Amino acid sequence: MKKGLAVIACAAALVLANGSLAIAAPMALDVVDGGKKMMGDPVHGKVIFNRCMVCHTIQPGVNHIGPSLHGVVGRKAGSVPGFNYSVANRKSGIVWTEQKIYDYLKAPQQMVPGTKMTFPGLPKAQDRADVVSYLKQNSP
Ligand code: HEC
């Protein structure tokens with residue numbers, strides 16, 4: 001019998017009221033801030049995402065004041081069908097990598113001057129990392 005390395009994965013999965021999944025394990029992100037690689041906690045990210053839900057959903061094709069954020073990680077800016085983006089967003093040339101979303105959320109109007117996203121941003125670095133990890137987990 002082969003003795004392999006026993007990897008014990010211990011993750012508490014919570015199915016949240018809106019059907020999205022948050023797994024309670026911090027994840028490594030492709031995000032660097034001040035030379036430091038960031039980790040994200042998707043469960044706390046879900047709590048932060050409540051602020052985004054005033055305008056966004058993560059359901060595919062469901063646009064509100066803001067476009068659906070389903071699959072946003074890796075998506076081209078301004079590419080959700082049926083959402084009326086600002087010219088600033090559409091022409092930004094941004095691809096929403098984890099790093100770009102993280103940077104954008106600090107002060108959206110700074111990265112995309114003229115954006116219609118009237119959200120002042122998340123000043124706390126860890127809040128941004130956590131919400132990115134939540135989006136990553138829910139953006140297959
Ligand atoms: C007050 C409403 C509002 C809130 C709150 C808000 N957004 Fe937005 N968001 C928008 C709008 C409107 C746009 C479209 C921007 C444009 O066209 O200029 C947008 C665009 C975006 C985009 C770019 C999407 C794309 O397809 O190009 C991302 C990413 C995003 N929001 C993430 C977030 C996250 C994460 C939060 C919470 C931390 C958040 N937003 C909070 C209204 C909001």
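One-based numbering along the sequence shown. Read the numbers this way: they start at 1 and go in the same order the structure lists the ligands and their atoms. These numbers come from a predicted model, not from an experiment.
Near Arg75, meaning under 4.0 Å from one of its heavy atoms, ligand 1 places the atoms 24 (C), 25 (C), 26 (O). For ligand 1, the atoms lying closer than 4.0 Å to a non-hydrogen atom of Thr118 are 1 (C). Every atom of ligand 1 with a heavy atom of Thr115 under 4.0 Å away is listed here by number and element: 15 (C), 16 (C), 18 (O). Atoms of ligand 1 found under 4.0 Å from any heavy atom of Leu105 (numbered from 1 in listed order, with element): 33 (C), 34 (C), 35 (C). Here is the list of ligand 1 atoms found below 4.0 Å of a heavy atom in Arg51: 5 (C). Of all atoms in ligand 1, listed by their number and element, those nearer than 4.0 Å to a heavy atom of Phe83 are 14 (C). Residue-ligand proximity, Ala77 to ligand 1, at heavy-atom distances under 4.0 Å covers atoms 27 (O).
Applying the side chain to side chain donor-acceptor pair (under 3.5 Å) test to every pair with at least one member in residues 91-100, sequence neighbours left out, gives these pairs: Glu98-Lys136, Gln99-Asp103. Listed by first and then second residue, the side chain to side chain donor-acceptor pair (under 3.5 Å) pairs that reach into residues 29-40 are Asp33-Tyr102, sequence neighbours excluded.
Backbone and side-chain nitrogen or oxygen atoms of Ser86 are examined, and one is located within less than 3.5 angstrom of a nitrogen or oxygen of ligand 1. The shortest N or O to N or O distance between Trp96 and ligand 1 is below 3.5 Å. Remark: ligand 1 and Gly78 share an N or O pair separated by less than 3.5 Å (distance only, no angle test). For ligand 1, none of its N or O atoms has an N or O atom of Asn84 under 3.5 Å away.
With a 4.5 Å cut-off between side-chain heavy atoms of Ile, Leu, Val, Met, Phe, Trp and Tyr, the cluster of Val80 takes in Phe83, Tyr85.
Residue, atom and distance of the protein heavy atom nearest to atom 26 (O) of ligand 1 are Tyr85 OH, 2.6 Å. Residue, atom and distance of the protein heavy atom nearest to atom 22 (C) of ligand 1 are Tyr104 CE2, 4.0 Å. Among protein heavy atoms, atom 12 (C) of ligand 1 sits closest to Ile65 O, 3.2 Å.
A distance of 5.5 Å separates CG in Asp127 from CZ in Arg51, rounded to the nearest 0.5 Å.
Distance alone, capped at 3.5 Å, is enough to place a donor-acceptor pair between the Asp130 side chain and the Asp41 backbone. Without hydrogens or angle criteria, Asn89 side chain to Gly78 main chain gives a donor-acceptor distance under 3.5 Å. Side-chain atoms of Ser68 come within 3.5 Å of backbone N or O of Gln59 as a donor-acceptor pair. Judged purely by atom type and a 3.5 angstrom limit, Arg128 uses its side chain to pair as donor or acceptor with the backbone of Leu122. One N or O on the side chain of Ser79 and one on the backbone of Lys76 form a donor-acceptor pair closer than 3.5 Å. Using modelled atom types, one side-chain atom of Arg75 and one backbone atom of His70 make a donor-acceptor pair closer than 3.5 Å.
Tyr134 and Met53 fall within the same hydrophobic cluster, where Ile, Leu, Val, Met, Phe, Trp and Tyr residues are linked whenever their side-chain heavy atoms come under 4.5 Å apart, directly or through other members.
Between Leu105 and Met117 there is a side-chain heavy-atom pair separated by less than 4.5 Å.
Contacts between Leu122 and ligand 1, counted as non-hydrogen atom pairs separated by less than 4.0 Å, involve the side chain only.
Counting heavy atoms of neighbouring residues, nucleotides and ligands inside a 6.0 Å radius, atom NZ of Lys116 exceeds 12 of them.
Inside a sphere of radius 2.8 Å centred on atom 8 (Fe) of ligand 1, the protein N/O/S atoms present are His56 NE2, Met117 SD.
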